[in-house]
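See below for the structure under consideration.
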Amino acid sequence: MKDTLRSLIGSALSKISTEKAWPTDLDLGAFVLEEPNKPQFGHLATNAAMVLAKKVGFKPRDLAELIIQTIGPGHELIESMEVAGPGFINFRFSNKFWVKTLEKILKSGLDYGRDLTPKGRVLVEYVSANPTGPLHVGHGRGAALGDALARILSFVGHEVGCEYYVNDAGRQMRILGNSVLVRLNQLKGQEVEIPTDFYRGDYIGHIAGELAPSLGDDFENLSNKEKVEILTDRAIGIILTGIKKDLSDFRVRHDTWFSEKSLYENHLVEKSFDFLEKHGHTYHKDGALWFKSTAFGDDKDRVLVKSDGEMTYFASDIAYHKEKFDRGYDLLIDIWGADHHGYIPRVKAAVSALGRKPDHLGVVLVQMVNLLRDGQAVNMSTRSGQFVTLEEVVSEVGADAARFIFLTRSHESTLDFDLELAKSQSRDNPVFYVQYVCARVNSLLAKAQEAKADPEAAKAPIDLSLLAANEEVEIIKTLSTFSETLTAAAKRLEPHLLTVYLSSLAKLFHQYYGAFRLVDEDHWALTRARLELAKAVKQVTVIGLDLLGVTAPEKM
RNA sequence: GCGCUCGUAGCUCAAUGGAUAGAGCAACAGCCUUCUAAGCUGUGGGCUGCAGGUUCAAGUCCUGCCGGGCGCGCCA
């Protein structure tokens, strides 16, 4: 829709520019085309005249008029052009244009909106929760976001990898092993206090119980340190298995599970230190190794190796990002909880120090989820070890509802997630409203099958030009902007744009359904055209839902 | 204190710098002998926190206040 018009306006402008001898350094392409928010302003509007008028000594409206005259009448795809407001040019497309648009959409089928022009390789890293306990709702939001984003990026032409970074090294892991050991000793009847900084959730006890029978007789003879090492490994294994199952039930996929420990085992951390040192980005002070992140805009330098010889989390994170780039990715997307925002400058600094541009790393911060039930807050507390797990939420409301609702809001605003609303089957629940489009179209098609068609009429080619009602043009127009929505969602890393789009398409369709009788035996030619439109709506809805990882039911 | 971020209808939120700021919920009034009422139609509701600035044009960009959230460790 926009391409046609852009080239038309562009050539008109260059013609005028030559005639009026405008300065050659003028940017004639610096105008935008946009959909006006009011139907009386036509289908598409441009601000071209307003952008240029002052620079070339015109009144905006006069320039707009000149552009219209230069384009001239007689384009079969354009019905009308007019100057409006402060100098907008409003375009109205012809019936023929909309017919062609709809034909193109239908012809593309489930590939409609797909962009095959190759773009860069992207690695999306998401969830990456420490393997110290089950996933909770907050992780679910990150999971839904990362997974949908990956699907969208792939659909618009990127080569996408999905990765989970497993923090299986460091202090947290030792605490995990120790926490299990304490429970194990309790199981044997020993009176042991659980230290306050240990993990206290019930699942630790379950892990201890699960492991106890398989540890063997020799276990008792091992040193405490050896016991903790074994238990740590085993516990990580059990917890990761649980995490993988929760994600798989949530239909969230990762191609690779990258172990932090492997960075140390393969000496990648030292190698990244060497790289930084060689380029003069590190120094020693107070017995510690520092990264000069202030040289890249961070507000203080950061420690890589503590004076006690232990590595910081940041140290392995630098190695990890270097490793990801070394694997050949052009763009890294990290999805983090919003409480990590203070961490961004130092990682961006590291990316710069590694010789990349800061925008080769895109960080998406996901805000909190407030879990509600009938409008009342559900108590979530990690301290007591009692929190609402992703598994509980998914088994209660289903993966479809959970995924869709997680993606209804911009990731940068906190989300209220009402369990009862997510289960409700009504207009209030956006998932059902959108899914219902698919079911409703199917039922229309079934209805049309039953209806007795005039055999002569059924043989004739379908005449889409009968779709001339405002509601019908509005729907085709919305369908035609699908790929723009996807491009924006991919570029801005905001899958919720797609969710919003699907909701508004659903609204248009349900309104259309209410306003017209779509299957009408007395007007069969019109019915056939309308069913094509309905099919196109369903088709786009199916594609969109799939990109969000939500199923499109045939029947509801 | 410093930094990041958000502030839009009673509530939850939309709005690539564009024209009269939009939806849903809640409230009120309607629509089922006819395609799924899991739906549709209509009515009310706003100094977009405040004040400046940039721009032909600001909810959007810049500056300063006010208010909420978060972060400021040789933690992860």
Side-chain angles (χ1 to χ4, degrees), chain A residues 32-38 40-41 45-47 49-55 59-60 84-88 90 130 132 167 169-173 175 260 285-290 299-300 302-314 316-317 337-345 365 367-368 370 372 375 408-410 412-416 418 421 424-430 432-433 435-436 439-448 450-451 484-485 487-488 491-492 496-497 499-500 503-504 507 509-521 527 530-531 534 555-556:
Chain A
V32 293
L33 289 165
E34 61 193 357
E35 292 168 66
N37 49 11
K38 292 282 192 289
Q40 67 263 30
F41 295 142
T46 183
N47 62 355
M50 289 185 288
V51 176
L52 288 168
K54 198 179 181 185
K55 292 173 185 159
K59 286 181 185 168
F88 289 101
N90 294 335
N130 287 349
T132 54
N167 298 124
R171 203 171 66 92
Q172 301 290 326
M173 291 303 107
I175 294 177
E260 181 188 7
K285 193 183 93 180
D286 304 333
L289 179 66
W290 295 71
D299 45 11
K300 61 169 84 164
R302 307 291 172 176
V303 171
L304 300 175
V305 184
K306 297 188 262 178
S307 51
D308 65 4
E310 189 157 0
M311 307 278 184
T312 62
Y313 178 81
F314 183 46
S316 53
D317 229 15
D339 53 342
H340 286 66
H341 69 79
Y343 198 67
I344 296 176
L365 295 177
Q367 288 287 343
M368 282 190 359
N370 296 317
L372 308 174
T408 47
R409 306 281 180 240
S410 158
E412 63 194 20
S413 59
T414 57
L415 174 75
D416 287 341
D418 194 307
L421 178 67
S424 81
Q425 305 190 337
S426 72
R427 177 71 183 88
D428 326 354
N429 185 344
F432 281 86
Y433 191 69
Q435 286 182 321
Y436 186 41
R440 181 163 255 180
V441 171
N442 282 336
S443 119
L444 283 170
L445 295 174
K447 195 79 191 173
E450 293 167 19
E484 288 167 34
T485 304
T487 309
K491 192 175 169 198
R492 291 161 58 182
H496 84 282
L497 296 176
T499 316
V500 171
S503 297
S504 59
K507 185 177 168 65
F509 182 71
H510 291 312
Q511 285 174 335
Y512 178 50
Y513 177 91
F516 296 90
R517 185 167 178 80
L518 303 191
V519 176
D520 185 346
E521 296 182 31
T527 297
R530 285 175 167 170
L531 289 176
K555 214 177 164 181
M556 289 169 76

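Not measured: the values here are computed from a predicted model.
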Residues touching RNA chain B, which here means a heavy atom under 4.0 Å, drawn from residues 440-447 of chain A: A:R440, A:S443, A:L444, A:K447
B:rA19 base stacked by A:F88? Criteria: ring centres under 5.5 Å, plane angle under 30°. yes
Out of B:rG71, B:rC40, B:rA76, whichever nucleotide has its closest atom nearest the side chain of A:H341: B:rG71
Point-to-point distance, once rounded to the nearest 0.5 Å, from CZ of A:F314 to CZ of A:R302: 7.5 Å
Minimum-distance nucleotide to A:F41 side chain [options: B:rG71, B:rA19, B:rC40]: B:rA19
Give the nucleotide from the list B:rG73, B:rC35, B:rG39 with an atom nearest to the side chain of A:Y513. B:rC35
Heavy-atom nearest nucleotide on RNA chain B taken for A:P36 and for A:K555; more 5' hit belongs to A:P36
Find the distance A:L52:CG to B:rU55:P and express it as a whole number of Å. 17 Å
Where the side chain of A:S410 is defined as all heavy atoms beyond and including C-beta, which of B:rC13, B:rA14, B:rC75 is the nearest nucleotide? B:rA14
Find the runs of at least 3 consecutive base pairs, i with j, i+1 with j-1 and so on, that include RNA chain B, using Watson-Crick or G-U wobble geometry with both distances under 3.5 Å. B:1-7 with B:66-72, B:10-13 with B:22-25, B:27-31 with B:39-43, B:49-53 with B:61-65
Of all the nucleotides listed (B:rU34, B:rC74, B:rC4), which has the minimum atom distance to the side chain of A:W290? B:rC74
Ignoring the backbone of A:A84, work out which of B:rC35, B:rA19, B:rU16 is nearest its side chain. B:rA19
Nearest-neighbour nucleotide for the A:L518 side chain, B:rC35, B:rA76, B:rG3 considered: B:rC35
Aromatic ring pairing A:H340/A:Y343, orientation class (parallel under 30°, perpendicular over 60°, tilted between): perpendicular
Counting only side-chain N and O atoms of A:K306, is one of them less than 4.0 Å from OP1 or OP2 of B:rC75? yes
Of the listed nucleotides B:rA15, B:rA23, B:rC35, the one nearest the side chain of A:K507: B:rA23
Can you identify which nucleotide, out of B:rC40, B:rA38, B:rU5, has its nearest atom closest to the A:Q511 side chain? B:rC40
Of the nucleotides B:rG18, B:rC70, B:rG39, which has the atom closest to the A:D339 side chain? B:rC70
Specify the glycosidic conformation (syn or anti) of B:rC32, with syn defined as within 90° of 0. syn
Has A:H510 got a side-chain N or O lying under 4.0 Å from the OP1 or OP2 atom of B:rA23? no
Do A:S316 and A:E260 have side-chain N/O donor and acceptor atoms under 3.5 Å apart? yes
